[in-house]
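Okay, structure first, notes after.
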There are 2 protein chains.
Amino acid sequence: MAEIQTLARGLKILNLLEQARSGMGTTEVAKEMAIDKSSASRLLHTLANYGFVVQDEGTARYQLGPRLLTLGQGVLDRISLRDHARPYLYKLVDETGECAHLAILAQRQALYIDQAESSAALRVESEIGTLSPLHCTALGKAMLAFGDGALPEALLPFTQRTITDQAVLQAQLLHICQRGYAIDDEEYNYGVRCVAAPVQDHRGKLLGAIGISGPAARVTLERIDDFGMIVRQVAADLSAKLGYAAG
Amino acid sequence: MAEIQTLARGLKILNLLEQARSGMGTTEVAKEMAIDKSSASRLLHTLANYGFVVQDEGTARYQLGPRLLTLGQGVLDRISLRDHARPYLYKLVDETGECAHLAILAQRQALYIDQAESSAALRVESEIGTLSPLHCTALGKAMLAFGDGALPEALLPFTQRTITDQAVLQAQLLHICQRGYAIDDEEYNYGVRCVAAPVQDHRGKLLGAIGISGPAARVTLERIDDFGMIVRQVAADLSAKLGYAAG
DNA sequence: AAACAATGTTGTATATTTAGCAACAAGCGA
DNA sequence: TCGCTTGTTGCTAAATATACAACATTGTTT
């Protein structure tokens, strides 16, 4: 399908600005996009009219605008899975004492759309809205194992334990499928272990995944199977509430 | 400045979809925008290519897409005030026992960009990214009192205590300016009282506001002035850290 | 069942709109 | 002061988006 060039350019500019930490000037945008200064100027003004970008009064440089934040909130409101899942996240926190997360697939990554913090003193940054790779997170692997079978192309390493071999990953996905939950054993962040299980609708179609994550000192390898059973059960309860009839 | 029509139409579609709770069809969008079905179809496809909207596989209806959520996250990362303010939010929670919030001005409303939850059992929904009116929230009134002096046009009532008279509001803003903090006495939500104070840069330019909010039973009218002093002090400390030299 | 209505998508020609060039204004540094 | 960079604006050509129409698909009604 042919995409509309002008609109696509505007959206690409937003992608550019996302990368640029300290904003970009008109000329800079024009160069990066390989378009004329004047075109960039007019596109940026239009984006600014709708609050998608803001121009710093002093430097005249452009940054992502607050409208994106409020629209993002609108996205969350629209995901009904989130409403249904919330009490189950609290249940996970109650039963495990660790932070619980809910993620869905988006742009071939794991998109965190909700969390429930444990009462433990250690605070976690709000991660809602962030994307994480699939191959080295428990939530991601749970979704890979119960999803449509497509694997990520590149398995980038984040720690020494990150699985970077397609065959190894494939084998582990089968294992996850059989036992019903996935584990991240310090494969993404050092010192953090996670456990996750899939959430499915009545047809068995993958909706997302829920799981817990905590310091390796608390989430020990001995206890991790117990956590797995809990997470799998809570995820199954949530799936059941959504109308999933096993078999 | 003349805005680029095609891009503007795409952005307007996003605004439309924000309102429509259950998504919109191509024809529906076309009617609402007063453009042809084919144009709407192509615009929507382009938006979908970049993840700004998603089409439900079954119903072919369009909704806001996950890209908006991740871009919104990018907006948060870019607001350096947020990083500086976070420890001060925790300080507010420690000293008052109530939830603390940070807001900035955006689209002539108060945009909540961070929060610190109290350890009280009562949980608050994540409000980051939401917009609230200025005239009936403590954060909003603090920003009005110390901002550029522009008042909101319409003072919509939310509770019986909401100030709906411009003159009354104006008088209260002066009061807020003199004493250094603003109060919301159940003017937005029944049973909730809030206290807030402005955050300013070294030139005295308004950057945002921080404050606390809690149940009226805990935030009583007798104690509210004590809270006010605390909030004012913490906000002043934050402003000072940002380089604000009083006088 | 079958006709019908409504929806979403795809060609195509026209004409509107954008894009690029160039000139201009403004800020900064040398 | 001069030169350099940046951001914005007129203007025209030309590319692009638009509307019209036809088509495919789905769901509804009689």
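Throughout, a chain's letter reflects where its sequence line sits, starting with A, and its residues are numbered from 1. Since the structure is predicted, the reported quantities are computational estimates derived from the model, not experimental observations.
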Short question: side chain of A:S239, backbone of A:A235 - any donor-acceptor pair under 3.5 Å?
yes
For a quick check under 3.5 Å, do A:N15 and A:Q19 share a side-chain donor-acceptor pair by atom type?
no
A:E18 bridged to B:R67 by N-O distance under 4.0 Å
yes
Polar contact flag, side-chain donor to acceptor under 3.5 angstrom, A:T6-A:R9:
no
Is a salt bridge present between B:E28 and B:R61, judged by a nitrogen-to-oxygen distance below 4.0 Å?
yes
Within 6.0 Å of CD in B:Q178, more than 12 heavy atoms from elsewhere:
yes
Reading nucleotides 4-18 of chain D 5' to 3', which nucleotides get B (base under 4.0 Å from a protein heavy atom), which S (sugar-phosphate only), which -?
--SBBBBB----SSB
How about B:Q172 and B:K141: does a side-chain donor come under 3.5 Å of a side-chain acceptor?
yes
Could you work out how much the helix from C:dA1-D:dT30 to C:dA30-D:dT1 bends, comparing the axis of its first five pairs with that of its last five, to 10°?
40°
